[in-house]
Number of protein chains: 2
Amino acid sequence: MLEDRRLAVLRAIVEDYVSTHEPVGSKALVERHHLGVSPATIRNDMAALEDEGYIAQPHTSAGRVPTDRGYRLFVDRLSGVKPLSSPERRAISEFLDSSVDLDDVMVRTVRLLAQITKQVALVQYPSLSRSNVRHIELIALSTTRLIMVLITDSGRVEQRTIECLGPITEVALGDVRARLLVAVSGQPFSSIPEILSAFSGQFPAEMQPLVTIIQATLLEAVTERIDERVVLGGTAHLARYGEAFPLSIQPVLEALEEQVVLLRLLGEASTNNMVTVRIGHENPVEGMESTSVVTARYGIANSAAASLGVIGPTHMDYAGNIAAVQAVAQYVGRILDEQ
Amino acid sequence: MLEDRRLAVLRAIVEDYVSTHEPVGSKALVERHHLGVSPATIRNDMAALEDEGYIAQPHTSAGRVPTDRGYRLFVDRLSGVKPLSSPERRAISEFLDSSVDLDDVMVRTVRLLAQITKQVALVQYPSLSRSNVRHIELIALSTTRLIMVLITDSGRVEQRTIECLGPITEVALGDVRARLLVAVSGQPFSSIPEILSAFSGQFPAEMQPLVTIIQATLLEAVTERIDERVVLGGTAHLARYGEAFPLSIQPVLEALEEQVVLLRLLGEASTNNMVTVRIGHENPVEGMESTSVVTARYGIANSAAASLGVIGPTHMDYAGNIAAVQAVAQYVGRILDEQ
DNA sequence: ACTAGCACTCCGGACTTGTGAGTGCTAACA
DNA sequence: TGTTAGCACTCACAAGTCCGGAGTGCTAGT
């Protein structure tokens, strides 16, 4: 009962602060939310909440502001998930129709997400490591150079140029290509290293240099290249907070330029299919202490999976953003499945 | 003589303003630059320069600030080209060595440019329309789907998925592939439409659907896809100007999210090989009135060409940026030639 | 357990003032 | 005629002062 009201107060504080961006006081609170008690009572609750570390005052005689811990409690226990509005659903389905290409899907998704959340959006390309090989092609460009094209069942196309020491014969290349195709086609990336380990044995000695370098390149493509690409959009939304907040955007912009950092932000998402929220200092990245990250994994029928999400100030609309991220993740998974 | 000094004054004003970012007054001017005259004389010159529209004062009794027109005169007649420092040259050549991939070159270039100019950098992918076809590949993914991979001599790889109505036979596809390869291999993109116009005639009627759709896809790839990709880097540098300037970064960030806008900014570069500078209002893009754009074309031995450049506030270090853009453009051209 | 009242704190806006950088003008000078 | 010195004038900006109001914590009363 008493506990209940305290939580209600916390929720009210978070909601008000998110919408007004100003410290919220006891009086304003009772006026805006019809809690049936007087400001004085609220003040007692606030004092208790402050003791427990859920809220704080920027300075004496100012209203209260939620702390990271307060937001945490809010998203864990208090925030419902706002259903998306119908224009939003419409936008998603419109975007759904006209995708032609994996790149296209990624770009459209990131735009969509940025647009409906009004935040910075991130979308990771489907992970190669959980993909299967759909096709592999070796194409001679000159007598010493060839290009390897790798196509996954998630629609991704990887290419690598290979420089050979000796000249390549048309016949040898065709031979390698044919056998390689048989060996790896349809196989998951994770099993490629094993397959390759016994591969070169079937070729005569004079072809070994060629086979070896091709093999090495392929191996590199499926393993070392676990560093994935992330597309980014909606950075302009950062400027909205510009001066108004401790969130000085410089470090954030810098962080967003590093692929590695983006991956860290997206990475280590929840094990299950739910949305993950990292609030303020919970973020593993320096310079992002006053931002929150909302992420979700999107899966392509278990064959490949990656993450997407949004980044915004800690005082974001968690309910709305969680709903948006979740919905978009579902849609994207579905689209990629269809392809 | 008198004219000469006035120009010297303008140059001094621009240089001081660029380094301090504060309106510069007559007294400070004579102290910092050893013009052999008194402040009063300078004031007369300044008044003249103001009448001609080269400088302006933000408010009475403030120093003078160059106008767009002032900058224009400065870059056209007054600014020497700063040679790059040796660490800069070293950075460029280090970057030069370790490029493996077209994508890699683009990413590295944009980073490099952003780093040495401390501005936002843009690099356009080599234009397809001036490229030659190095190889074309058709790969069946299923009985009704195939993927077309197009490799240009600038190292770019384009892929397209093609959905056929009827089932594809291995033989038919091989036939089309072989003839297509012969027909277009080594040809410039610009001549592909002509080549294709007579292409389908050589196939029997039952193969027409297949040939037609492949042909259409290829045609689309070489023509409609003149919309080029642009990579972007160094946006964090924008934040440096953050509040300090009329350059509110929101519209700029927004503009930078649109590929089309980026192309407009890069586009219409100078006819010759020199660097182009667009100052403030000279920019064709709304919201970029207080930014300048420095661009140059980089060519790959006449076969393909595109632009790169930097974007910064009008009070940028023109001499330095022009030198950097020019140097980087040369290096990139050279690297892509080698590949 | 809640509320009313009260004294206290302190941020932030408004207002004032003073200072200094900068200007334009005029008159003297080479 | 071009340059300089001197001077009165303007005005942004910083510092200082003041005051109101929002908000708090505490205590006593319901």
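Throughout, protein chains are lettered first and strands after them, A, B, ... in sequence-line order, and every chain is numbered starting at 1.
- B/Tyr54 meets the ring-ring contact (aromatic ring centres under 6.0 Å, His included) test with no other residue; sequence neighbours excluded.
- Each of C/dC2, C/dC10, D/dG6 was ranked by its minimum atom distance to the side chain of B/Arg43; first place goes to D/dG6.
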Note, DNA chain C 5' to 3' with Watson-Crick or G-U pairs under 3.5 Å encoded as ( ), [ ], | and . gives ||||||||||||||||||||||||||||||
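- Here the nucleotide nearest the side chain of B/Gln57, chosen from C/dC2, D/dG25, C/dG24, is C/dG24.
- The closest side-chain heavy-atom distance from B/Lys82 to B/Asp317 is below 4.5 Å.
- For B/Ser61, the side-chain atoms get nearest to D/dT10 when compared with the rest of D/dT4, C/dT23, D/dT10.
- Residue A/Met46 contributes atom CE, which lies 15 Å from atom P of D/dA22 at whole-angstrom precision.
- Going from atom CD of B/Glu50 over to atom P of C/dT23 covers 9 Å, rounded to whole Å.
- Side-chain nitrogen and oxygen atoms of A/Arg5 include at least one within less than 4.0 Å of the OP1 or OP2 phosphate oxygen of C/dC2.
- Note on ring orientation: taking the six-membered ring where Trp is involved, the planes of B/Tyr71 and B/Tyr318 are tilted (angle from 30° to 60°).
- Within residues 26-42 of chain B, the residues approached by DNA chain C to less than 4.0 Å at the level of any non-hydrogen atom are B/Ser26, in residue-number order.
- Nucleotide C/dC8 holds its C1' atom 15 Å from the NE2 atom of A/His59, rounded to whole Å.
- Nucleotide D/dT24 holds its C1' atom 11 Å from the CG atom of A/Asn44, rounded to whole Å.
- Summarising the geometry, the separation between OH on B/Tyr17 and P on C/dG22 is reported as 14 Å, rounded to the nearest angstrom.
- Between A/Leu308 and A/Leu266, the shortest heavy-atom contact is C-CD2, 3.8 Å.
- Rounded to whole Å, atom P of D/dA22 lies 12 Å from atom CD of A/Glu22.
- Taking the side chain to side chain contact (heavy atoms under 4.5 Å, CB included) definition, one finds that B/Val261 meets it with B/Ala255, B/Glu258, B/Leu265, B/Val285, sequence neighbours left out.
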Under 3.5 Å, which donor-acceptor pairs do the side chains of residues 31-40 of chain B form with other protein atoms, sequence neighbours left out?
unit_1, atom_1, unit_2, atom_2, d
B/His33, NE2, B/Asp16, OD1, 3.3
B/Ser38, OG, B/Ala40, N, 3.3
B/Ser38, OG, B/Thr41, OG1, 3.4

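- The main-chain N or O of A/Gly53 is found under 3.5 Å from a side-chain atom of A/Thr67 such that the two form a donor-acceptor pair.
- Contact between the side-chain N/O atoms of B/Arg64 and the OP1/OP2 oxygens of C/dT23 is found at a separation under 4.0 Å.
- For the pair A/Leu49 CG and D/dT24 C1', the interatomic distance rounds to 15 Å; values are reported in whole Å.
- Taking A/Lys27 as the reference, nothing meets the salt bridge (Lys or Arg N to Asp or Glu O under 4.0 Å) condition, with sequence neighbours excluded.
- Donor-acceptor pairing under 3.5 Å is recorded for the side chains of A/Gln250 and A/Glu254.
- In this structure, the CG atom of B/Asp4 is 12 Å from the P atom of D/dT3, given to the nearest Å.
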